Every structure is written in structure tokens, then in C-alpha cells.
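All heavy atoms count here, side chains included; hydrogens, waters and symmetry mates do not. A, B, ... follow the sequence lines: proteins, then strands. Residue 1 opens every chain. All figures in this text were calculated on a predicted structure; none of them were measured in a lab.
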Number of protein chains: 2
Amino acid sequence: MNKRITIYDLAKTLKVSPGTVSRSLNNHPSISDKTKQRVIAKANELGYKINKFASNLSSQKSNTIGVIVPKLNSNFMSTILAGIEKVVNEAGYSLIISQSLESMEKEKINSMTLFNSGVDAILVSLAYDTTDYEHFTPFIKHKIPLIFLDRVPNLPECLTLIIDNYLAGFEATEHLIEQGCKNILYIGGNQNRNVYLERFKGYRAALKKHGLDYSFDELLETDLDPRNIDEVITYIKNHPTPIDGLFVASDSFAAHCIKELKKVSFKIPEDIKVVGFNNDPISELISPSLTTINYPGYEMGVLAGQSVINQLKGNIDMQATNAISLRHELIIRESSTIK
Amino acid sequence: MNKRITIYDLAKTLKVSPGTVSRSLNNHPSISDKTKQRVIAKANELGYKINKFASNLSSQKSNTIGVIVPKLNSNFMSTILAGIEKVVNEAGYSLIISQSLESMEKEKINSMTLFNSGVDAILVSLAYDTTDYEHFTPFIKHKIPLIFLDRVPNLPECLTLIIDNYLAGFEATEHLIEQGCKNILYIGGNQNRNVYLERFKGYRAALKKHGLDYSFDELLETDLDPRNIDEVITYIKNHPTPIDGLFVASDSFAAHCIKELKKVSFKIPEDIKVVGFNNDPISELISPSLTTINYPGYEMGVLAGQSVINQLKGNIDMQATNAISLRHELIIRESSTIK
DNA sequence: AATAAATATGCAATCGGTTGCGTAATTAGT
DNA sequence: ACTAATTACGCAACCGATTGCATATTTATT
């Protein structure tokens, strides 16, 4: 109904110039309070709404932040997103969210799209198989803040938010060792991704520290998709040396492991002790409840949001920072301990 | 680095008009193939990228779809979002996602923001406490497609995507009755929301059909937040007539109920049989595994995406449709059956 | 070859704010 | 009361692409 009110309409009825209207609405100092009031009052009266298209064009800003995540429908990612959304929304930004579906190709397309859309900044958690990072160079060239979370590359130019996956892997493994495990299997995702590689390195370091590195040191790389759980079970069942400890890089996958292992009559934790990763809500609901590493996803999202906002507002103190590491924590539950 | 190439730059180097460049890039029929090739080649050569700000302004379209959900970090919602994102992204649209955090006030603000941002369409799942819907009228007035999912209002003007919550509630309850339950408690959310109200109505209808409506008919309304699980447990524990069946409107909450009930030495399913809702991944991982209603979230997201795209492309056959109901399914597991 | 028809391109207005610069209006200073 | 210093506002260019209409160019028709 009835076309939109523009600043020109306001200018005409108020008998001032469009420039004055614009400045009034933006609370520009060189406009008297009296006129500002008049303009704002009339704007409300006529139901004026800014046209973002025009505003974006002339200001070359969109008040929009792009996000690329591997998958939306994972507890961890959606928790991070919730944190990001809350913070940036409060700061007046909107989020354009897209998923790479774990494919570098789609990640490339998405980043192109977001770049073309004129996002003011971009947050990325890498796809499973991303191996080169050239699709991010446009952002760097144009000095558009680019922040990586959780799954990060080795790009010195941009801020990364992570936890100490190495240490977490170390702690998880050492805990299993302390519980008496000798033959611990690490089940993780693509070793190209820092998170899985670092956890593995931590795992090895713990084995080494306890002199177990020559007896047993084994990595099972999978896509951590529950549909492929059978391979894992078969692997464990048929393993020459009986496995007595499992460090799984994802709670959800660990939960499936436990379920299936129980089906083939392994006792958890008696036969095999299990430690997961993430502290997914699932971890405390299954039985036995799952020992895991608490990964503060929501806090990471909040921090990511704050970092972006800071960079956009030009708070330079952040610029120096290159990597922020959040605190993790080993949460010991039933799956790894015998009472 | 070097400023952005515009169609004017292209026009100048190619010695054609900006209009011709624009039409070539948009594959307009009135441009010869030869010039189109020339333009496109040069555009690639110089690394031309369209300026969406300008494009949006003159075309009055953003190729952007807004979404408001109660919470991002719920398995159900993020699954729906994954479906939506996949479909609309393939159709060339981006998603602006915001969360109301279950508050009508924030929902209002978000819808204003999205309206001002010039989204081409908007998808909404209502907040917990939304009671009036005037904040959506701008979309209706301006004929911007407005689609509701799952948590929907009674607005005849717009498409709603739901499942038959009434029937699902009926089936869940009847299943419990068939398993021998006499005193079945329904635990649901705010009765203002269709989903919880309809499930309750279905529950009552099942009781009535089996002549149980005078003996026991009880609703426990909660916010379904695990932090408030204690009230529920206390309620059940102290109930004058022993409760032997539980129909919980959320799997996640049901899982917490089971966990806590087990703690206070109720046997599930022997003492109390439980049916949840949603078929959350958690439901098959807990023990006893949870009988539930399969709610096809991803499919709903896909359908929502398709519906939006259809409306945007002007496929009028959709316009007539007012409500689409997806198929649900009772999945019987251990929490409600004694083998 | 002359005219009609079809095709290809250019011109210029438009979308609606933003902002540097210049000037008018007001206030301060002596 | 008169000039100087502020303060308030207007003018107009600009952001970059889209598109209706006019015109030029090519192809078809007889």
C-alpha cells in the first residue's frame, strides 16, 4: 500500500533539504537540536523507514556480517552461531549465514557470494576438505575483517579463535592412561583440519610421555558420520590387540560408538573406556555418561562476535592479536571410570 | 588494492555504453551474442564484480531471505535451517538469520530490521510468548512473501508449514494407552503456541476415545528448559495418583526426564513409559531409547525453501495454498515397550 | 534498390541516501 | 553596533547498476 516515504518526502513537507533530513536522522552534530526533533517527529509520523539499499550504496557499508560454517545442523556449530548472532545483533549487525556442507567448492562459491554481497566482515569455519585459501584473498585485499573459528588455516594475516586442541588431546589421552588403558585408539576426522591433527598430536604426546608410544599408537581417520559407524566397530572388533581405550574427536560419534559397542557386548567402561570431545548435550544423557572435553562453543561465538565488532569499530588493540585460545576442560564421567 | 571495476570502466575500455554492459552481463535478449562475449570476456579479464548495493537499489531486490527462529542452538531448528539454506542457496538467495531468543520483543525488532534490510521474503517460527502479530503486517502490506514454520499463528494471509500436531499427540498418547498406561501426564510448552496446544488436544482426544478422560487428564506446562527439570521430577514423584505414562513435547526434555527419573529409581519403561517428540538424534542414543514422533525437520526446511522460491518466482499455484502439513510418524522404541 | 521489419545499442532518468564544500544565519566579542 | 567566530543548513555531486524509450544498424521482403 501507499509507497514508501523517502527523505525527499520528508524534506518537502518540512521545507528543508534532503541533506538536512539525512543528517538529522543520523544525529549529525551540525544540525540543531530543534530541527532534529522536527525531522524525527515527522519521520515517525509518516512512518519513514530508511532504504538500506540506498544507504548501503552511498555509504559502502551493509551492516551485515557473513558466516560460512561446514554444517548448520550440528550442535556445536549452531551453538557458536547462537553466540555470534546475539552479540552482533546487539551491535546492530545482521548475519548472513551459509553452509559449505564440508565442500571446498561450495565454500568458494559462498565466499564469493558473500564478498559480492558486500558483507562488512566474514567469519569462517573451514570445510572438511579445504586445502587452499585463495578464495579468501579478496577479503584480505580489501581489508575486510576475516576471522576463523575452530577449524582454521595457517594464515598469519587473520585472527583465529581456537581452543588448545593439542593440550585437550593430551589431557584426554592421559586421563585414559591414568585409568589403566594401554591400547588407546584415536578416532578423528580429516588430518588436514587443525582440530583433528592437533588432537592427534596431543594423543601421541601423552602416549609418549607414558612410554606407550611403541606399543600402540593408532589413528583411525573417518568422516565422523554415524552412518559409517559399522566400519569403526568392525575395526575395533577385529583388531589384533584388544583395544581398551577410545579417544573420539566428537561426542556424537562417540555416543554412536558406545551404543554399537554395547550391542556387540563390549562393556563400557569395563572393557573399553571412552572419551569424547565437545561436551555435546548428548554426552551427559547417554549411559554410561560420556567423559569429554568441554568446548565452550557459545563463548567462542560471543568472542567471535565481539572480535568482529571491535575490528569494525576500529579498535586497534585487537588488530595485533593473531590467535585467541579459549579455555577447555576435561569433564570426567562414567564412560572412562570404574567406581 | 586498486579500486573496484564498475560497468562504467568496462564500458569505457570496450567503447560501448554502460547500459549495454549491464544488459550483456544479465544476458538480456536484445544484445548480440558477439557483444555479450566481448563484455563477459573483458569483465573476467579485469575481475569485474557486480556491486550488489547498486544493483539492489535500482532493482529493489536483495536476493536475500530473512529468517527468524526462536533459537539457533536447537537440533530441530538448526536442522530446519540447514534444509532452508540448501534450497535457497541453490536458487541464488542468501539467508539472513536472526533469533528471537523466545522473546516477542526481540522478534519485533528482528522483523523490523529484516524489513528495513529489504529482504525479498521472510520465514518465521514464532517465539514462545508471541501473542500479537502486528509486526508482520509491513510484509503483508508490501506483499513480501511471509511463511511460518512449525510455530505458526492464525493468519489466513500467509502460508504455514506444519505437521499435524493434533494427530501426532493423539497417536503418541494412544500408543501409551495401548501399552497399558492409565495415568498419562502431558508435559508441554506454552499453550499459546499451536504446537503445544494441538499436541495437548490430541492427547485429550486419545484419552477420551479410550474412556480415560475422567480418570486422569493432566497438563504440565513448562518452558522445557532442562535447568528446570527438578520441578517436573518433584511433580511426578509427589503426584497423588502414580503416573505411569509420560508424553513429553520435546525429546531433549524427555531425555532429561528419563535420566532424572532413573536417578530417583523409577524404572523406565516398567514404572513409567515415555514418549517424546521430534526424533532428535538423542532419542536413539539414550537408554532406554526413546519412543518419539518423527518430525521431518530437514524436509520441512527444504519445503519452506521451495515454497519461498516459488512465491518469489511467481508460481501462482502455490499462492492458493494456505497450510501444508508434513507427514509425521510414531517411532516405537524401548522407553514405551516391555519386550 | 528501396522500404519494411527486426535486431542491436545508446541515452538518460531513476533508485534513495550520504557528504564535502560553500554560504546564510546566529551568537559572541569588544 | 559592527566585525569575527560559530553554528545551521542547502546545493549538488556521487555511489553503480537498471531499464524505458529513442535511434542506429542490420536483415528480410518484394
Should we say atom CG of B:N154 is surrounded by more than 12 heavy atoms from elsewhere, each under 6.0 Å from it? no
A:I84 and A:A304 have their tightest heavy-atom pair at CG1-CB, 4.3 Å
Neighbours of DNA chain C within [range], by heavy-atom distance under 4.0 Å:
| range | result |
| --- | --- |
| residues 24-39 of chain B | B:P29, B:S30, B:I31, B:S32, B:T35 |
| residues 6-21 of chain A | A:T6, A:I7, A:Y8, A:G19 |
| residues 52-62 of chain B | B:L57, B:S58, B:Q60 |

Apply the test side chain to side chain contact (heavy atoms under 4.5 Å, CB included) to residues B:N192 and B:T131: give CA-CA distance (whole Å), side-chain angles for both, the deciding distance (0.1 Å), then the verdict. CA-CA 8 Å; B:N192 272 329; B:T131 45; 3.9 Å; yes
How would you list, by chain and number, every residue that makes a side-chain hydrogen bond (donor to acceptor under 3.5 Å, both in side chains) with [X], sequence neighbours excluded?
| X | answer |
| --- | --- |
| A:S103 | none |
| B:K108 | none |
| A:E134 | none |

What I'd like to find out is whether the side chain of B:S94 reaches to under 4.5 Å of the side chain of B:N89, using heavy atoms alone. no
With heavy-atom distances below 4.5 Å as the criterion, would you say the side chains of B:L114 and B:I96 are in contact? yes
Could you measure the distance from the CD atom of B:E157 to the CG atom of B:L146? Nearest 0.5 Å is fine. 8.5 Å
Does [Y] offer a backbone N or O that forms a donor-acceptor pair with the side chain of [X] under 3.5 Å?
| X | Y | answer |
| --- | --- | --- |
| B:S59 | B:S55 | yes |
| A:D120 | A:L312 | no |
| B:S98 | B:V67 | yes |

Ring pair (Phe, Tyr, Trp, His ring centres under 6.0 Å) involving A:F115 - partner list, sequence neighbours excluded: A:F139, A:H142
Using the ring-ring contact (aromatic ring centres under 6.0 Å, His included) rule, collect all pairs that involve residues 33-89 of chain A, keeping only residues at least two apart or in two chains. A:F76-A:Y295
Salt bridge (Lys or Arg N to Asp or Glu O under 4.0 Å) contacts in which one or both residues fall within residues 36-48 of chain A, not counting sequence neighbours: A:K42-A:E45
B:R23 or B:N51, whichever maps to the more 5' nucleotide of DNA chain D: B:N51
Which of B:R193, B:R151, B:K71 passes salt bridge (charged side-chain N to carboxylate O under 4.0 Å, His left out) with B:E102? It is B:R151
Outermost DNA chain C nucleotides near chain B [under 4.0 Å, heavy atoms]: C:dA8 to C:dG16
First-last contacting nucleotides on DNA chain D - partner chain A, under 4.0 angstrom, heavy atom: D:dA8 to D:dG16
Salt bridge B:E299-B:K86, side-chain N to carboxylate O under 4.0 Å: no
Using C1' atoms of five pairs at each end, report the bend of the helix from C:dA1-D:dT30 to C:dT30-D:dA1 rounded to 10 degrees. 30°
